[in-house]
Structures are given as structure tokens and as C-alpha cells.
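This report refers to the structure that appears directly beneath it.
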Amino acid sequence: MGTLSQTRPGPAATKGLLGQAAGPAIRWFEDLGLGDLDSAGGKGANLGELTRAQLPVPPGFVITAQAFLGSMEAAGVRRALAKEVAGLNAGSPEALKAASERMRARVLEAGMTPELRREIEQAYRALGDGQAVRVAVRSSATAEDTAGTSFAGMHETFTNVSGADAVIARVLDCWASLYGQRVLAYRQAVHLAEEPSLAVVVQAMVDSERSGVMFTVDPSSGDAGQVIVEAAFGLGEVVVGGKVEERTMKAARLHAYGEPLRLEEIPAPTPGEGEVVVRVLGAGFCHSDLHVMNGEIKIVPHFPLTLGHENAGVVAALGKGVTGLKEGDPVAVYGAWGCGICDFCVSGQEQLCEAPRWCGLSENDGGYAEYLRVPDARYLIPLTTLDPRQAAPLTDAALTPYRAVKRALPVLTPDHPALLIGLGGLGQYGLKLLQRLSGVRVIALDVSEEKLRLARALGAWKVVDGRAKDAADQVQALSGGKGVCAALDFVGAESTLALAVGATRSGGLVLHIGLAGGSAHLKPLFTSRFEVSYEASLWGTLKELRELIALVEQGGLTLVPSEVFPLEEINEVARRLKRGEVGGRAVIVPG
Ligand SMILES: [Zn+2]
Ligand SMILES: [Zn+2]
């Protein structure tokens, strides 16, 4: 670089400026340091500092802020521009746009003085030793890095500029970008009153495949224990432009009972210590979400809340201290998160927790979003053969019947049939699991002809149309007048529970699984036989989900078909489910 500088002209003073605007128009990197912020801007001063520290900085020069102000002064627009910026009070985006266009036009019209043009041409030739070298022409804000302001990415930057005329045109573009909409909005927001000025860096290009920024302090949390590197392919415009700075995501959120979900762009979660962020690739739409949305189950502690408690996906980010998982691992997410310390949690029945923190049903956001924050890695079950979209419904639609059937196992015997009411997603899994885990014959009852056909296809021993007036008598007759050993009610309405209670033999079990708002009335000699047990079964344990996923991955249980929908169609899915138009399970795919 020493030889280059010999061919360069010395600093020249621009003439005819206001007092503080006087100074050299062109300054080479090696003449600059951090004391030159006012004239060379943040970028120029830092490049000077790096050059002086003998770091391998590609050579270049700075067209100073004084040169810009001098040209505006010479054209007679400097005062008018300063006045307009100082008095800027744009209340609307349209007003801001108009002001920006007016000021930019003024700058471009003013152009640069012939002296400055000559100096830039001369410096550019010196930079390339007479050759038309490719350069980057970059705005260097003088107000940057002062008083907590940052114009990162707001002013123009041009790469691969070749030829003196092109360089001069790009310098003018940089100057005009001083009055861009984003800049003006920012100046107004931070009440920046000083006269805008800008230096422009002209620097020989380096072709890089990758570039990035390293922060020795986490810019989002201030954590000095973490080094953050933001990198991108190419020359770093993406990084500098802030396009990867704040990660946001799409989410479907409930803002009030009785409303549809709102599709929103919200900040994506980052994992805290011990936490894991999962990219959601499947989120089963559950009937209980409908009850929550309608306010029939008032469980939401605060609005808005992202619903979705039936999730699977891939590990996207691991919090501090998480072991045994790595990014990209496919996982199913157990959703019945508990407090961890109550009797139920310590005995592994977290779904019964006294202070539940369920995913998508408590203060914790759920999986109708691109990313899901999971509070503990143990809630994740690695998948070996299952696709996350297939696995999602297992975490509730299959887990709930799995637990219910296991609870019923002591009374399920081959010599008495069992009754299953309701063949939605859960009921279909219930039917499969009853057959798989016990030798019982199943009487399936539903009000839809299609569901009854499906029940037959899935191996139900007998089917009963629930719309028939004598449905209860038919069940009695099928059980030889003795009653069924167990009745599993996947609907849970008043009428279905009455049927279940009345159909169950002495010593049998009524399992209340669906939550359609009904209650069970057991009155021996009137509505029920003797020693009939009633149990409202809930969801399942983490251990049961592990068993269930193993059962499926080992081929012991086939999947209930699911229909896949993008997040944007979630309210349509809710409508279809309400009308009974979802065949198996509807799975939302947000990621
Ligand atoms: Zn559910
Ligand atoms: Zn608990």
C-alpha cells in the first residue's frame, strides 16, 4: 500500500464552504482514524483505524461529509435541506414518502461541484493505478455510532462499480439515500435534530463467498458470555441490511373467546437454559381447540395465546445444558407439561398436574406456529421411522385412547363385548387399540353412516347407528342382555354418557373421554347396574407416549389417516371439524 500512496494526490481543501464544513474532500484510509468520525463517518473512520493497524484492508478513500455539504452549499440547497429535515413531522407514511422524494430530488439535482468531480476521478484512477478497478461505493453515516443511533443498512451501498462516471453517479445515489424514507422515519423516531451529512467510502472490491458479523456481546440479551456470528453467502448485504437480525414467525393465535384464530407475524422463540425450540412440521387440530376457541372450556390464562397441543417437528435450537439431542432431530412433543413437583408430576402423571402448564392451553404458546419453545428436553421423543406429520396426532389423538384402553384392560375380556361411542380421530385409534391390546369384541356406535362403514372396515365386531331410537336396546341385545364390560365414550355428551352408563354390566367401567360437556348419572337399579365404575380419563403420561410411539414404529399399530393443511387454512379446518367434515385427523403444517 505504501507504493500506491505515492501516486495519490495529497489532501485538498474544498472551497467556499460554511465554517465547519471546510476540510479535505478526499481522504485515504491510511490518513484516517477514529478521531475522524465527523468527516469520514463510522465506516470510513473504522477502515482507517484497521488500515493503520496493518490489517489486510482492501485500499480505498473517503469522500468526506464536508465534500457533500460543500456541494449542497455550492448548489444553494444546503440550508433548505437542513431546514426541511429539522422541521420534519410526517404523521403518515404517505407524507413521509412525499418528503423523502422531494429531498432526494433536491440532492440529485444539486449534484456535485466540478472540483469534487475531478478529485474523485483522480482518486479513483490512483486507486486502480490507472486501471478501471472494481469498487464498492458505500455510505458512511457521520451520525452513526453516536448517542446510540445506528443507520446500519438504511443508506445505500453499491458493489462492483466500475469506471469513474459510474462511481460519481453512485456517490450521488449515496447522498440521496441520506433522505430515504427509512432514514427520515428513524431520524424522526429518535429525535435526531442535527443536520444530516454523509461520507462515502470508495473501496477496491474483494470477491467473497461468505461474509458476516461477529458480536462479542449477544446484541439481543447483552450476554457477554455468548459470541454471536451472523453470516450469509455473498457480500454481506443481508447481514448489514438486518434481514436476518430479528427472527419472526407465523403463528395462529386466539385473541378472545368466540373469535377465529388470527394469523400473525410474531418474534420466534429462542431457547433458554434447558429448553429446546422445535420447528413445527405437524400440529394436530384437536376438537378441544374448538371448545377453547368457543369459550366452552375457559382455560386460557391470557390473550393472545398460540393454540396447538399435538405437535411434532425437528429440533431447531438447543438451550444451554441440553444434551442427547441435536439440531435437525425429528421429535414428537409431549404436550401435557406439568409443574414438575406436585404428587402427580413426581409420579409421572404430569397430565394430572395440580398447576398444569400445558402446551398451547396455558401460559405456554402451542404449535400453531413455525416454532415451538419446549421447556424441557425430556418432553421430546425422538422419532426413528415416523414422519413428524404422522407423529403429531399420536401425542393426543392416539395417546388419549391409549391411556383409556390401558385403564380399561382389567375389565376387558373376550367373553363380553365393549362399547365404543364416537369414531372421530380419537375413536378410530380407540377401536384399533382395543383390538390390539385386548381380545375384546367391539360394538361401535356413531351417528354417521360413513363412520359406521369405517368402523366395520377397521374390524368392529358389530356397529350400531346412534340415531336409531332403540340404539340402547340394540347394544343390550348384542351383549346378550348382560351388558358390556366397558363403555368408552369418545363424545362425552349427556345422551352418550347415559347410553354408556346404562349399557355397562356389573363390575364394568364407564370411561368418559370426549369433552362435549355431558355428565354421567349412576344410580343403581335405575340408570346403572351395581359396582359400575366411572372414570373421566385424561390425555396420557410421557411414559405412555413413549410406549405408543414404540408400538407404532414397531409396526404394531397403523395410523389413522390424516389430512394436511397449511397454517393459513387453520380457521377453515376449524369450520370443517365443527361440521364433522374431517375424516381422520387434520394436521396443520406450519413449518
Ligand atoms: Zn386435544
Ligand atoms: Zn405438577
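Both counts, for ligands and for their atoms, begin at 1 and track the order of listing.
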Revision key, fill the gap. Taking every heavy atom of E350 against every heavy atom of A336, the minimum-distance pair comes out as CB-O, 3.5 Å
**Study point:** C342 SG and C339 SG subtending at the Zn ion (ligand 2) (10° steps)
**Key:** 110°
Practice item. Specify whether an N/O/S atom of C286 falls short of 2.8 Å from the Zn ion (ligand 1). Key: yes
**Study point:** Closest contact, heavy atoms only, E544 versus G540
**Key:** OE1-CA, 3.4 Å
Check your understanding: Minimum heavy-atom separation for V491 to G422, with atom names?
Key -> CG2-CA, 3.8 Å
Check your understanding: In degrees, rounded to 10 degrees, what angle do C345 atom SG and C353 atom SG make at the Zn ion (ligand 2)?
Key -> 110°
Review point. Can you list the steps and then say if E547 with K543 is a salt bridge (Lys or Arg N to Asp or Glu O under 4.0 Å)?
Key: CA-CA 6 Å; E547 294 169 10; K543 175 68 166 69; 2.9 Å; yes
Review point. Can you give me the OD2-the Zn ion (ligand 1)-NE2 angle for D396 and H309, to 10°?
Key: 100°
